[in-house]
2 protein chains.
Amino acid sequence: MRQESKKKATIYDLSVLSGCSASTVSAVLNGTWQKRRIKESTAELIRSLAEKHQYTANLQARGLRSSRSGLVGLLLPVHDNRYFSSMAQTFEAHVRARGQCPIVVSACRDPQEERQTVETLISYSIDELFVAGATDPDGVHAVCEAAGLKHINIDLPGTKTHSVISDNYEGGRLLTKAIIRHCEGDRPLQPEDLYLFGGRNDHASRERIRGFREVKRAMLGADPDECIQPTGYSPAMTQKAFETFYAREGRLPRAFFINSSINFEGLLRFLGQHPHETFADIVVGCYDYDPFGSFLPFPVIMIRQDVDGMISKAFEIVDQGRSPPELHLIQPELVPPRTALMGPLDALKDID
Amino acid sequence: MRQESKKKATIYDLSVLSGCSASTVSAVLNGTWQKRRIKESTAELIRSLAEKHQYTANLQARGLRSSRSGLVGLLLPVHDNRYFSSMAQTFEAHVRARGQCPIVVSACRDPQEERQTVETLISYSIDELFVAGATDPDGVHAVCEAAGLKHINIDLPGTKTHSVISDNYEGGRLLTKAIIRHCEGDRPLQPEDLYLFGGRNDHASRERIRGFREVKRAMLGADPDECIQPTGYSPAMTQKAFETFYAREGRLPRAFFINSSINFEGLLRFLGQHPHETFADIVVGCYDYDPFGSFLPFPVIMIRQDVDGMISKAFEIVDQGRSPPELHLIQPELVPPRTALMGPLDALKDID
DNA sequence: CTTTTTTGCACAATCGATGGTGCAATTAAT
DNA sequence: ATTAATTGCACCATCGATTGTGCAAAAAAG
């Protein structure tokens with residue numbers, strides 16, 4: 001009777017079964033049947049057959065014909081990080097809510113990989129692309145542009161299309177102020193007591209550093225260059241920077257600003273190699289939020305970027321269609337030490 | 001001259017430009033040209049034209065024709081978590097190495113969502129599916145089976161196809177022993193001093209609990225039921241369990257085993273509501289590894305599951321083709337407190 | 001009972017690639 | 001110089017949907 005469920009049913013199968021033409025079946029099943037003046041009873045018949053035979057449309061075929069796929073892409077630098085993984089989580093929810101299929105890929109902060117990955121996505125005719133934290137957003141833009149693909153930058157801005165990013169300058173100021181204030185109980189903080197580690201020469205790092213230096217100069221009176229240590233985005237390099245400092249000074253700086261949770265992991269590696277006393281009284285600010293990071297044995301002030309705000313804004317802009325590129329700043333949030341915030345997972349129901 | 005890069009070049013465009021037939025172009029560009037005895041010079045010509053016009057194959061068309069897509073799916077419960085996001089990271093690297101395109105989606109631990117998501121992936125003719133931590137692996141299996149899709153379970157086993165999972169029983173024993181040993185310096189641990197929080201009625205939780213209870217009974221002499229508190233996989237519920245205990249006892253248990261980092265976040269929320277003293281001398285074991293979690297102000301012993309081992313094994317099995325379902329256990333690793341391990345991100349080069 | 005309008009649907013081209021088949025031109029064998 | 005074998009490629013059906021167009025039957029208008 002039923003075809004062993006081996007091959008999937010197609011509109012042609014249903015066409016035969018129902019005695020209607022394939023185009024009628026197609027129209028009924030994709031919702032355009034009213035426009036095509038298909039009788040309600042015919043539609044009903046076809047729908048029931050589709051149900052019975054577990055018909056599901058072949059989306060590649062549909063995509064080929066209509067040159068749209070229903071896929072929406074998110075390009076991340078990396079998955080393994082709370083900031084980007086919560087972005088993926090939020091992104092998925094938004095895309096699902098629009099009835100499309102989210103597809104999340106990472107490109108390892110490699111410009112070449114970024115472009116190639118996007119090429120691949122384009123080959124699948126994805127409908128829109130969200131480019132998060134790209135190392136070379138304009139390179140990605142060129143690829144998208146050539147294919148007429150709607151896209152938008154998140155987290156790191158490009159110059160060729162809209163970008164929705166965290167207000168890194170304000171966030172940097174906010175965090176720096178909070179660090180300095182947190183130290184006020186102790187003996188006054190000297191300029192060379194406050195360092196910044198991590199980040200590279202990207203827009204986010206530059207802005208954060210700008211905010212950091214400005215606040216530092218204003219509040220501590222000076223802002224020596226050697227206190228800025230951009231180590232790239234790798235735990236290993238960051239660790240090395242701490243080790244170097246420690247080898248020279250025999251201690252860590254009293255307070256420091258860490259550019260991202262990935263760099264923060266470099267600090268952890270350092271800590272793992274040294275006894276507790278080494279960091280008995282440091283104060284750390286981290287431009288990223290990680291719930292576990294917030295409860296470490298020294299004060300950790302964090303910045304949580306408004307991921308949901310950024311993603312929402314990005315969808316808004318993408319939906320509006322083309323317009324001259326703008327930079328949209330989303331305010332981040334300061335998170336005091338020992339704070340466990342809710343996240344995208346809290347939206348999920350936990351069934352049992 | 002060049003068509004404004006508006007529409008992408010197709011084999012037909014190249015066919016006209018080269019004076020060859022479309023099938024020849026196709027053969028040259030997909031690598032089957034030798035089999036078709038295309039002249040080297042013809043191939044060369046076509047390749048150069050393809051390059052010049054930036055030809056890239058339309059993968060939907062190819063997929064439609066060949067009913068394969070080059071896509072390999074990973075179905076996760078959630079993204080926003082170090083365990084699963086590192087799995088995504090590792091998975092991507094493996095898939096890329098095979099020249100396919102990874103696509104990672106999450107289904108929120110909802111059986112219905114799981115099946116539907118898989119249906120969607122199938123509609124795109126994905127070639128293989130890795131089902132990680134599914135709430136209803138056998139439900140997913142049925143869907144895959146009906147579509148003839150190769151798939152494999154990871155992290156949580158099903159009964160209908162191969163499963164590669166962490167050895168939760170051994171891991172549970174390992175962790176429980178380590179917790180108890182860690183408490184040995186203090187006054188002897190009583191059975192009611194050691195609790196377990198988190199998890200639900202899934203295979204992983206059951207095995208871990210089994211290991212926990214066995215070791216506890218063996219080492220502490222008893223294993224009262226009330227020390228087992230499966231709270232589901234949500235921070236909120238876990239927090240509630242801690243609050244309840246605390247309201248009743250005025251303190252936390254001396255030591256406890258937390259079933260996953262997600263449940264651990266419930267502890268963080270609890271901690272955020274209470275002063276430091278409340279947890280001055282607790283000992284925590286967590287069945288998951290999170291680098292930040294490892295450095296909290298109380299001893300945290302963690303289990304790191306061998307994600308790379310699991311993914312590698314899974315690929316091996318998928319490649320072998322069908323055989324009667326088996327359960328493959330991968331040994332997890334015990335991580336002592338204050339340990340920052342390397343992760344998948346360390347494989348990335350950090351360019352600047 | 002015509003003529004017009006509306007209803008309901010079938011036909012066929014198309015999206016871009018793949019792969020089986022067949023055939024002319026070239027080369028080798030006899 | 002024939003015949004046989006090989007080379008090199010073109011032709012065409014096909015994958016499963018979408019969509020513009022056309023036309024017969026039914027209903028409404030005159």
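Each chain gets a letter, A, B and so on, in the order its sequence line appears, and its residues count up from 1.
Contacts with DNA chain C (heavy atom under 4.0 Å) in residues 29-50 of chain B: B:Asn30, B:Arg36, listed by number. Contacts between residues 121-128 of chain A and DNA chain D, defined by a heavy-atom separation under 4.0 Å, are absent. Within residues 61-70 of chain B, the residues approached by DNA chain D to less than 4.0 Å at the level of any non-hydrogen atom are B:Leu64, B:Arg65, in residue-number order.
Applying the salt bridge (charged side-chain N to carboxylate O under 4.0 Å, His left out) rule to pairs touching residues 22-37 of chain B yields nothing, sequence neighbours excluded. Among residue pairs with one or both ends in residues 122-137 of chain B, those qualifying as salt bridge (charged side-chain N to carboxylate O under 4.0 Å, His left out) are B:Arg68-B:Asp127, B:Arg98-B:Glu128, B:Arg115-B:Asp136; sequence neighbours excluded.
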Give the C-alpha distance, both sets of side-chain angles, the deciding distance and a yes or no for side-chain contact (heavy atoms from CB on, under 4.5 Å) between A:Val25 and A:Ser21. CA-CA 6 Å; A:Val25 174; A:Ser21 75; over 6 Å; no
I'd like to know whether A:Leu76 forms a side-chain contact (heavy atoms from CB on, under 4.5 Å) with A:Val105, so could you lay out the CA-CA distance, the side-chain angles of the two residues, the decisive distance to 0.1 Å, and finally the verdict. CA-CA 6 Å; A:Leu76 294 178; A:Val105 293; over 6 Å; no
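With rounding to whole Å, B:Asn58 atom CG is found 8 Å from C:dC15 atom C1'. Rounded to a whole Å, the CD1 atom of A:Ile11 is 13 Å from the C1' atom of C:dA12.
From the 5' end on, the contacts that DNA chain D makes with chain B at under 4.0 Å to a non-hydrogen atom open and close at D:dT7 to D:dG16.
For the side chain to side chain donor-acceptor pair (under 3.5 Å) test, residues two or more places apart in sequence or in another chain that qualify with B:Asn81 are B:Ser261. For the side chain to side chain donor-acceptor pair (under 3.5 Å) test, residues two or more places apart in sequence or in another chain that qualify with B:Gln60 are A:Ser125. For B:Thr56, the side chain to side chain donor-acceptor pair (under 3.5 Å) criterion is met by B:Lys8, not counting sequence neighbours. By the side chain to side chain donor-acceptor pair (under 3.5 Å) test, B:Gln112 is found to be paired with no residue, residues two or more places apart in sequence or in another chain being considered. A search for side-chain contact (heavy atoms from CB on, under 4.5 Å) contacts involving B:Gln34 returns nothing, not counting sequence neighbours.
Distances shorter than 4.0 Å separate none of the side-chain N or O atoms of B:Thr10 from OP1 or OP2 on C:dG16.
In this structure, the helix from C:dC1-D:dG30 to C:dT30-D:dA1 shows an angle of 50° between the axis at its start and the axis at its end, each fitted on 5 base pairs and rounded to 10°.
As judged by a 4.0 angstrom heavy-atom cut-off over every strand, B:Ala27 is placed among residues making no nucleic acid contact.
Taking the six-membered ring for Trp and the full ring otherwise, the centers of A:Tyr124 and B:Tyr124 sit at least 6.0 Å from each other.
A salt bridge links A:Glu40 with A:Arg47: at least one charged nitrogen is closer than 4.0 Å to a carboxylate oxygen. Between B:Lys39 and B:Glu44, none of the side-chain N atoms (NZ, or NE/NH1/NH2) sits under 4.0 Å from a carboxylate O, so this pair counts as no salt bridge. Salt bridge A:Arg109/A:Glu114: absent, no basic N to carboxylate O contact under 4.0 Å.
Distance check, rounded to the nearest 0.5 Å: CD1 of A:Ile122 to OG of A:Ser69 gives 11.5 Å. The distance from atom CG of A:Leu49 to atom CG of A:Leu14, rounded to the nearest 0.5 Å, is 6.5 Å.
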